[in-house]
Amino acid sequence: MANAHAAESASHAHEHVHEHVHEHVHYTTTGLDHKKIAIWAFIGSECMLFISLISTYLIYKGRSVVGPFPHEAWTSPSGQLFAPILNIPVTSASTFVLLMSSLFMVLALEAVEHKGNPAYANNIRGNSKFWLMATAIAGATFLGFQAYEFTSFVHEGLTIRTNLFGSSFFTLTGFHGAHVTVGVLWILTLFAMDYSRGLTKKDTVLVDICALYWHFVDVVWIAIFTLVYLIK
Amino acid sequence: MANTAATQTTAAPHAAYESGLWSWIATVDHKRIGTLYLFTALFFFLFGGLEAFLMRLQLAQPNGHVVSAELYNQLFTMHGTTMVFLAIMPLSAAFFNYLIPLQIGARDVAFPRLNAFSYWVYLLGAIFITVPIFFELAPNGGWFGYAPLTTIQFSGGLNIDFWVMGLQILGISSLAAAFNFITTIINLRAPGMTLMRMPMFTWMSFIVQFLLILAFPAITVALVFLLFDRFFGTNFYTLAAGADPLLWQHLFWIFGHPEVYILILPAFGLVSEILPTFSKKPLFGYHVMVYSGIMIGFLGFGVWAHHMFAVGMGATADAIFAMATMLIAIPTGVKIFNWIATMWAGEVSFTTPMKFAIGLLALFTIGGISGVMHSSAPADTQQTDTYFVVAHFHYVLFGGSIMGIFGGIYFYFPKMFGRYMSESLGNWHFWLNFIGMNLTFFPMHFSGMLGMPRRIYSYDAGQGWEKFNMASTIGTVLLIIATLIFVINFLKSRKGGSVAPNDAWGAGTLEWSIPSPPPDYNFAQIPTVTSRYPLWDLKHPEMTSDISHASPDAATVADAHAAPMHEETGGKTAAELGIPMPFSTLKPLFAALGLVIMFAGLLFMHTDKFALAMTTTIGGAALLIGSLYAWLTSPLE
Amino acid sequence: MTDHEHADHAHEHPTWKQYKWVALILTLITVVEVWVYYTPFKDSPLFVPTLLIMSAVKFAIVVLFYMHLRYDHKLFKALFTGPLIIAICTLTALMFLFGKFSL
Amino acid sequence: MSFFRPRRYAPALFVAVALLALAACGDQYPNSTFTHLTDNNRTISALWDRLMFLGTGVFVFVEALLIFTIIKFRKRPGGPKAKQIHGHAALEITWTVIPALILVLIAVPTVQAIYTTQAKAPDGSLKVEVIGHQWWWEFRYPELGVVTANELYLPAGRTVSFQLNTRDVLHSFWTPQLGGKRDLISNRTNWMWYTPDRSLAENAYNGFCVEYCGTSHANMRFRTFVVSEDKFESWAKHQAGIAAGAPVPTAVAPAAGAPVVTGAAMAGMKMPAAAAVASAAPVEEAVGYTFPLDKLPAHVVPTTPMPTGESTIKFDDALLASGNAVAGRELLTNMANLGKAPCLTCHVIKGEMAMVKDDQAKGPNLTHFGARHTLGGGLFSSDPATLARWIKNAPAMKPGSIMPTLGAGEYNAMIKQKLASGLDDRQIADIVAYLKSLK
Ligand code: HEA
Ligand code: HEA
Ligand code: CUA
Ligand SMILES: [Cu+2]
């Protein structure tokens, strides 16, 4: 199905194409940037990656032979009764932070895209550095929450080796966390570029692909939050 | 064939790595990378064949004692793994690399350095997974490595570690390449090359790239679990923790079934180039060929559990997967019939590539039919895990993929090396291959239905399997002779074959419009494409006078005549012509090296050298990140 | 890089204001999700479907607006929805196969 | 072009294949899936016949069309020019629809057969638990109290319902003539049932493990004996008890405090006939039915060669004739000998002291070992000479076997050195005598 769409777009592009035949600058069939196509293909692939991880988590849900459990109270070998381990209030907060980071990211893109537009000059809307840094900080905050969550789980006796829940939970959220980490580093790199040479309208695509990645990571968290944390 | 255009040696590309070995190691030219893939993959094909030969020697007689049980188990695991991941996939990749840019009229792929990275990761990963066999330490869990046999509880040694990490590494190579080709095909088609004018090989490759990016994540996850289980003590497959072994099976086959179409579709694409050329007719039913390819790819994601008809999934699941599997026979059948129709009313000339293409039609059909027999779940409970399955998949893999790829090699050899391969040796190769193949694999249908399980290193006398096994082994000897003839032909013809012109066979697609071998920039001027067979429009107007190959919107043939396909440049270099080309660079190689070192470091954890493990892994990771950074911040051209 | 006209008018982004609205809606849905978790509705058979719908809506909003898929080239829609559909079908099939739901 | 045209020889290939197929008909195929001796297997077979028929039809049609096309339209000097045809919608629809119709013909009976063969087993079926171990089979008849290994007895005419489990990795259970396969999956239970034909009075079949399960996967075989219902009952009744013919206890006192229950004491309580074995009672009567050795068809008699060369297991066969079952029993059951003969830490012999729970034993149940024809996952005949070598060094005979090397001076592959101490040949001969007496 992907192909049929692309077919049309290609024939669209066709009309624009003739003028460019003789210039040696890089010609692309669709007029789109390579990187953007690649990142979307990458995101498609990531869908399968996270679906596999999420499926595993769901398949193993309720199959652990020893506690701790996510939503059920459990008794330790020494006979102590423990509460369910997932901490919804804290995670809700971190979810909110990640959601906000997506807003910041989109505003950062907006700012870069409108470089040179007077309406955006000299106000917060055009301040790409600010929005980039805000996104990175929000992302880092999310990671902080996750670090807190992980360590408190370990204190409560849940490690990646404890049971099926522990293995699948830490691997799923850990993979997500790793993606967030890469995202934060990527955004910081953009920030550094903005700081050192200043991003211009021409750099839109660089910010765009990073933003797409970042939003995707956010979207994955939306699914995880519901499937792992809220649904019993 | 006329000896018109002389071979043009391409001038050494770039400043730093002028010539010789370095020019290959630092290359980012898609053609050179394709050539590297070709040579490496052919080597591994021979290696996998050698492994098969040892197995066949062992099985020639009952209670054989050529190899030990342990070595045999390593042999079939590595034979399967080698053939699938180190031979056929990279052989296909050789063609993706070499041909896609040429067929769509581009100067290179979208991300040339990523392309080099893919190759180096493949090469290093292949070495990583192969070398242990010399120490009898090779993976021994079967090519689909079912848990829990592969967990540390049942396979404590390093064997499975090599497999887990090797496949993980190879997966990265395939994924990187796939993103690259998707982008290339979407975005680097020459003006006028609409999707529906793309050569069929490019189309099938395009579909394969989507299969790759969607199938590999599933096995990546399955392997990550296994890796974590083995190295960090997680419980994904730990029986005591209540793990479910079917998790591995599902994740593996969600990958594994699309994988078999990853293996066959490129061969289908090659055949779709060869048949029209030697029938002097356009491909029959181009649109249907495209859609059936898409259907095969799409349906391929919904049938994985047909590999699990004996695991007791329940009647409903068995029924659904059985029927879904059968559906695939329809688009595949359409392809077979359309190919036959392509030859129908044509002028069929039996060159070597054509023989292999026809061989594919004949043999793949047999494998397809036995596939449909498998798809009938109750019947499959008698067939699964016997030699009948082995017969099925060698008919589709050898009779399909390998036949197609050999056809492709004979067909594109003149383009790649500027010389033809010998037709008479090719003839010998084909017939010995064809006969040997049938003699090897046809009897396996019998031994399977007569009760012979697969993956057994020895069997009792008097079970009624002796004759068939002997026949299979004799067939293998023929295959070896055939393959050696091919190797001789290949090596000799590179220097000694008769010289080929640009358009070696009278084909119709873009790649034949440029010199053989092509200059590093491929097209001095990017052509404008007005039809599916632009070269035929140009050279054989009589073939196109009655009907245009251009469809659906028919740009006029006259247009094509006006815009010459290829400007003779008299061997000028890219620089002389002012064509910017990507710089040669070693960074992708270093990144690949870092990646492999990173994984390899983990091995030391199992020899209890934790500090060494961490140092190596972190060192590898640092090398990877450092090279990546250097690579991303340096300009492409 | 060709600065195509074509590429440009494919970029009718949502505006600042819209972004803020989107953020507000996302936040509200999240609040409802968490709130519902603490109400007796949690034990209703409709709880799970409700949550799934809410998160699907959030998912869609982010993809359509923040990832500007709604405004971008069709090609990207295909590149994303195709895999997403295959992924979701796979998930569903696996849930049936492992007896997580049944008919 | 070549002076040699192998194309001419192509017919020879077809003749060869045809001959092969012909040869296939004249011979004995003891594991053929074309022989079908149960209800369920006949369902499968009917399906297979249809697949074969339609498959052959498609094959012949496609190949004939292909050959016709390439001959008819081969390039000839002065021949007609290629017709530039791009496609033909009607034709393409035809060859989409016809295969679809053929597939319907396959799909309908397939789905029917799936539901027939996977229906619930009829009430009153005989329940058999099949338990896979690396690399041998355990068979339990919970209703009858029978536990045995590697040799499965089934009553002709009665539905058998198998419950399949594994103690370690995956295996798969298969007797080709009786039914399809079903995998044994860790942490899961699988089911399968079939009814062996009533007409089968006394038949033996080979069974195989068909899921790769590690080093000795190839050596994980078993035998299925289908016998008439009364023979089965006789067999089962005897198997449920303790062995007949176990040696009468000697004067040797049990080691102080060791909880030894002697075989004879148990026998005395449960099966008076058995205790009399030592005197005169006809053995036939006492031991119940076992598949007669002389009626074993050739294909179920293992031909596995003994290890040769460096790994030859030397044993003084002369000792076997004078093997002392009583001394052998003493070796196994006296705690004092545990270091040398740790057999009962892994094996259960009903009636002897139980050192492991019956359902946790690592090795096959040996209660009626003397009544079995094979050992080691059906790999070897259980004749005394082979058994002796097995006890001496099982892993040398069966790669990877979990049964340890026990003979003194034997090379132990696990610890990669020769055993300094262990059983000597005399002791092994005694154990052999004892085990063979466990009818
Ligand atoms: C190139 C690789 C390739 C290809 C293309 C196929 C194609 C098919 N395969 Fe195969 N398969 C493998 C490689 C491949 N397979 C491998 C490697 C394994 C074993 C893995 C392992 O266990 O190690 C395997 C195993 C396998 C199994 C599991 C067997 C088992 O373990 O029990 C099944 C079951 O359904 C199956 C089915 C099919 C079907 C229905 C097709 C179809 O796509 C075939 C369609 C083609 C045709 C049918 C022929 C042309 C059609 C016509 C001429 C039209 C008319 C025909 C009819 C109406 C019938 N395959
Ligand atoms: C992908 C493609 C592929 C190809 C091409 C082949 C090719 C061959 N295969 Fe295969 N095979 C598999 C994929 C493939 N196989 C897979 C996936 C499995 C399952 C593994 C598993 O169960 O895990 C399998 C399993 C398998 C088995 C079953 C093993 C078992 O279950 O116990 C057997 C047995 O005969 C076999 C035989 C052969 C033979 C004889 C060839 C021949 O066609 C080989 C022909 C090649 C040559 C003859 C080249 C040799 C050349 C030389 C030796 C020249 C000398 C060297 C130099 C000059 C350097 N294969
Ligand atoms: Cu048990 Cu194979
Ligand atoms: Cu498959």
Side-chain angles (χ1 to χ4, degrees), chain A residues 1-4 6-11 13-14 16-22 24-42 44-53 55-56 59-60 63-66 159-168 170-171 175 189, chain B residues 104 110-111 114 175 178-180 182-196 203 206-207 209-210 212-222 224-225 228-229 232-236 238 240-244 246-247 250-251 254 290 294 298 525-526 528 553 563 578-580:
Chain A
M1 77 258 73
N3 313 309
E8 285 176 44
S9 56
S11 48
H14 182 193
H16 297 271
V17 141
H18 283 294
E19 315 122 46
H20 293 279
V21 175
H22 292 286
H24 273 310
V25 272
H26 282 272
Y27 154 81
T28 71
T29 316
T30 55
L32 302 164
D33 193 276
H34 290 337
K35 297 190 202 69
K36 222 175 143 183
I37 295 174
I39 196 83
W40 273 109
F42 177 73
S45 177
E46 292 269 282
C47 285
M48 277 303 277
L49 185 92
F50 278 105
I51 283 284
S52 306
L53 289 163
S55 302
T56 303
I59 287 166
Y60 274 165
R63 292 214 190 180
S64 298
V65 290
V66 297
T159 70
I160 199 169
R161 300 168 166 217
T162 310
N163 56 15
L164 293 178
F165 165 62
S167 297
S168 53
F170 281 112
T171 307
F175 254 78
T189 312
Chain B
I104 62 176
F111 305 106
L114 187 62
L175 279 172
F179 296 126
N180 203 348
I182 287 181
T183 312
T184 306
I185 295 176
I186 290 179
N187 228 12
L188 279 177
R189 278 166 292 133
M193 169 82 64
T194 58
L195 284 186
M196 280 302 166
W203 247 117
F206 194 42
I207 297 168
Q209 308 313 319
F210 283 99
L212 282 165
I213 65 166
L214 296 179
F216 263 83
I219 196 181
T220 303
V221 167
V224 163
F225 292 163
F228 279 17
D229 271 11
F232 309 123
T234 54
N235 296 313
F236 292 102
T238 313
D244 189 340
L246 294 197
L247 175 68
H250 282 294
L251 288 178
I254 286 173
V290 170
I294 296 175
F298 189 76
Q525 185 178 13
I526 301 293
T528 299
D553 67 318
I579 300 172

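Per chain, numbering begins at 1; letters A, B, ... match sequence-line order.
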Please round to the nearest 0.5 Å and tell me the distance separating atom OG1 of B:Thr238 and atom CZ of A:Arg161.
10.5 Å
Select one option (side chain, backbone, both, neither) describing which atoms of B:Ile185 are under 4.5 Å from chain A's heavy atoms.
neither
Where does A:Leu53 contact chain B at under 4.5 Å (heavy atoms): side chain, backbone, both or neither?
both
Between CZ of B:Phe236 and CG of B:Leu251, what distance do you get to the nearest 0.5 Å?
10.0 Å
Heavy-atom distance under 4.5 Å to chain B: side chain of A:Phe42, backbone, both or neither?
both
Kindly compute the distance separating CD1 (B:Ile186) from CG (A:Leu32), expressed to the nearest 0.5 Å.
9.0 Å
Are the side chain of A:Thr29 and the backbone N or O of B:Leu188 linked by a donor-acceptor pair below 3.5 Å?
yes
Is it the backbone or the side chain of B:Val224 that comes under 4.5 Å from a heavy atom of chain A, or both, or neither?
side chain
Max heavy-atom pair count under 4.5 Å with chain A, selected residue of B:Phe232, B:Phe111, B:Phe179:
B:Phe179
Is there a side-chain contact between B:Phe298 and B:Ile207, using heavy atoms and a 4.5 Å cut-off?
no
If I measure from the heavy atoms of chain A, does B:Leu247 come under 4.5 Å with its side chain, its backbone, both, or neither?
side chain
Separation between CH2 of A:Trp40 and CD1 of B:Ile182, rounded to the nearest 0.5 Å
14.0 Å
Comparing A:Gly44, A:Ser168, A:Ser52, A:Ser64 against chain B, the one with the most heavy-atom pairs below 4.5 Å turns out to be A:Ser52
So, do A:Phe170 and B:Thr234 sit near enough that their side-chain heavy atoms are less than 4.5 Å apart?
no
Quick check on B:Phe228 against chain A: is it the side chain, the backbone, both or neither that has a heavy atom closer than 4.5 Å?
side chain
Under a 4.5 Å heavy-atom cut-off, does chain B meet the side chain of A:Thr162, its backbone, both or neither?
backbone
If you round to the nearest 0.5 Å, how far is NZ of A:Lys36 from CD1 of A:Ile39?
11.0 Å
Among B:Ile213, B:Ile104, B:Asn180, which residue forms the greatest number of heavy-atom pairs with chain A at distances under 4.5 Å?
B:Ile213
Measure distances from A:Phe175 to the heavy atoms of chain B and classify the residue's part below 4.5 Å as side chain, backbone, both or neither.
side chain
Quick check for you: among A:Arg63, A:Met48, A:Glu46, which has the greatest number of heavy-atom pairs under 4.5 Å with chain B?
A:Met48
A:Thr56 side, atom OG1; B:His250 side, atom NE2 - distance, nearest 0.5 Å
11.5 Å
Can you tell me which portion of B:Ala222 sits under 4.5 Å from chain A's heavy atoms? Options are side chain, backbone, both or neither.
neither
